[in-house]
Number of protein chains: 2
Amino acid sequence: MALRNALMAALLDGEASGYDLAKGFDASVANYWTATPQQLYRELDRMEDEGLVAARVVEQERRPNKRLFSLTAAGRAALHAYTAEPPARPTAIRDELLVKVRCLDDGDSAAVRAAIAERVALATDKLARYERLRTRLLAGRTEEDFLAGADRVGPYLTLLRGMAFERENLHWGELALDVLDRRAAR
Amino acid sequence: MALRNALMAALLDGEASGYDLAKGFDASVANYWTATPQQLYRELDRMEDEGLVAARVVEQERRPNKRLFSLTAAGRAALHAYTAEPPARPTAIRDELLVKVRCLDDGDSAAVRAAIAERVALATDKLARYERLRTRLLAGRTEEDFLAGADRVGPYLTLLRGMAFERENLHWGELALDVLDRRAAR
DNA sequence: AGCACTTATTCAACTTGTTGAGTATGAAGA
DNA sequence: TCTTCATACTCAACAAGTTGAATAAGTGCT
């Protein structure tokens, strides 16, 4: 019952197909929710049954048909009600890399080092993508102007959180690599 | 098959009961893995069946008996093998607060504001707890000395990541509150 | 005396999330 | 031409995670 809120939040930006959402989850909502495509399709079908979203089929000539989903009035109301609910469970994080780092001293430290390096590379990419998204959202305004005057600041605020997260991944990863290298050279 | 790795990582610190782990998950492993007590008990039982951990029953006079689990040689080997595996799936985050913030402009902004404020308070607490843990781990050494010379740096490195995460929660939350207040006063 | 809280765990039912495969079409590059 | 990639889904099976209740004994507070 929680994935649906993330989906409805994504649909506030306008109608989208399951496929759009599955792909785009990485760019827009990804920094605080993850889901596989199968999960999205299943949940969207259920939400349609319950009247939270409406689908319209778009026939395409040179591609498979697609179903575009949009929020219904009931969906909008449900989302509004959701924002008013008392703060539910706190952040859930599951990070395999940190599990590995935790047992680095009793494990294969070269492999863990490589995994950290990969994380650093991924964080760099993701940060760059988020930076482009940010530029697009700002559309020439300064951050200050935007935050003071824009119609909607929610998506920008969540983007900032995602950027901070990736920046930390980067910083921390570089520190960790440095520590491991120093210890290896010892 | 992933929770068990987190559990084994926690058992590297020494034997623990399911109850210890369930509680302590918040202090040690919590910053990168979460699980309910039921999940831990079930998984520990399975791991015992598979010989990854061994349990010994400790009879207690004024409390219920408890089963203390420790890593077996097979468990240690499995954990080592796990650290050598290619980097699996990336971080999964699920944060209801960010979902709410995302739809803040179409929702109950006062309630969302309150939820952010609560998050800020929680982050402050958690950061203080992590800071105490850090002091304990350092045991008088400077961070530099510790990282260069300690037997095990894994737990310290993961702690640093957790601290960075909570600091970001704090910073971001304060910024978000400020933005909302300015907009409300507009 | 009564109530809530902590320790320590178990059982059952349920909801979510993951994995793998399969279908169909067109476009782009070797 | 042949393979690979992108679009756009569906189905089935399974693994993981959540929720709620129950048990049992002691401790601390009013």
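Below, read A as the first sequence line, B as the second, and so on, with proteins coming before strands; counting in each chain starts at 1. Keep in mind that the numbers below use all heavy atoms, side chains included, and drop hydrogens, waters and symmetry copies.
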- Where do B:Asp105 and B:Arg183 land on the side-chain contact (heavy atoms from CB on, under 4.5 Å) test, with the steps shown first? CA-CA 11 Å; B:Asp105 310 284; B:Arg183 288 170 66 90; 4.2 Å; yes
One thing to verify: whether [Y] and [X] come together as a salt bridge, which I'm taking to mean a side-chain N less than 4.0 angstrom from a carboxylate O.
{"X": "A:Asp125", "Y": "A:Arg129", "answer": "no"}
{"X": "B:Lys100", "Y": "B:Asp108", "answer": "no"}
{"X": "B:Glu143", "Y": "B:Arg134", "answer": "yes"}

Write down the distance between [atom1] ([X]) and [atom2] ([N]), rounded to a whole number of angstrom.
{"X": "A:Leu44", "N": "D:dC11", "atom1": "CG", "atom2": "P", "result": "15 Å"}
{"X": "A:Glu48", "N": "D:dC9", "atom1": "CD", "atom2": "C1'", "result": "14 Å"}
{"X": "B:Glu96", "N": "D:dG17", "atom1": "CD", "atom2": "P", "result": "17 Å"}

*asked:* Using 30° and 60° as the class boundaries, would you call the ring planes of B:Tyr156 and B:Phe146 parallel, tilted or perpendicular?
replied: tilted
Whether each nucleotide of nucleotides 7-17 of chain C has a protein heavy atom under 4.0 Å at its base (B), only at its sugar-phosphate (S) or at neither (-) is summarised, 5' to 3', as BBBBB----SB
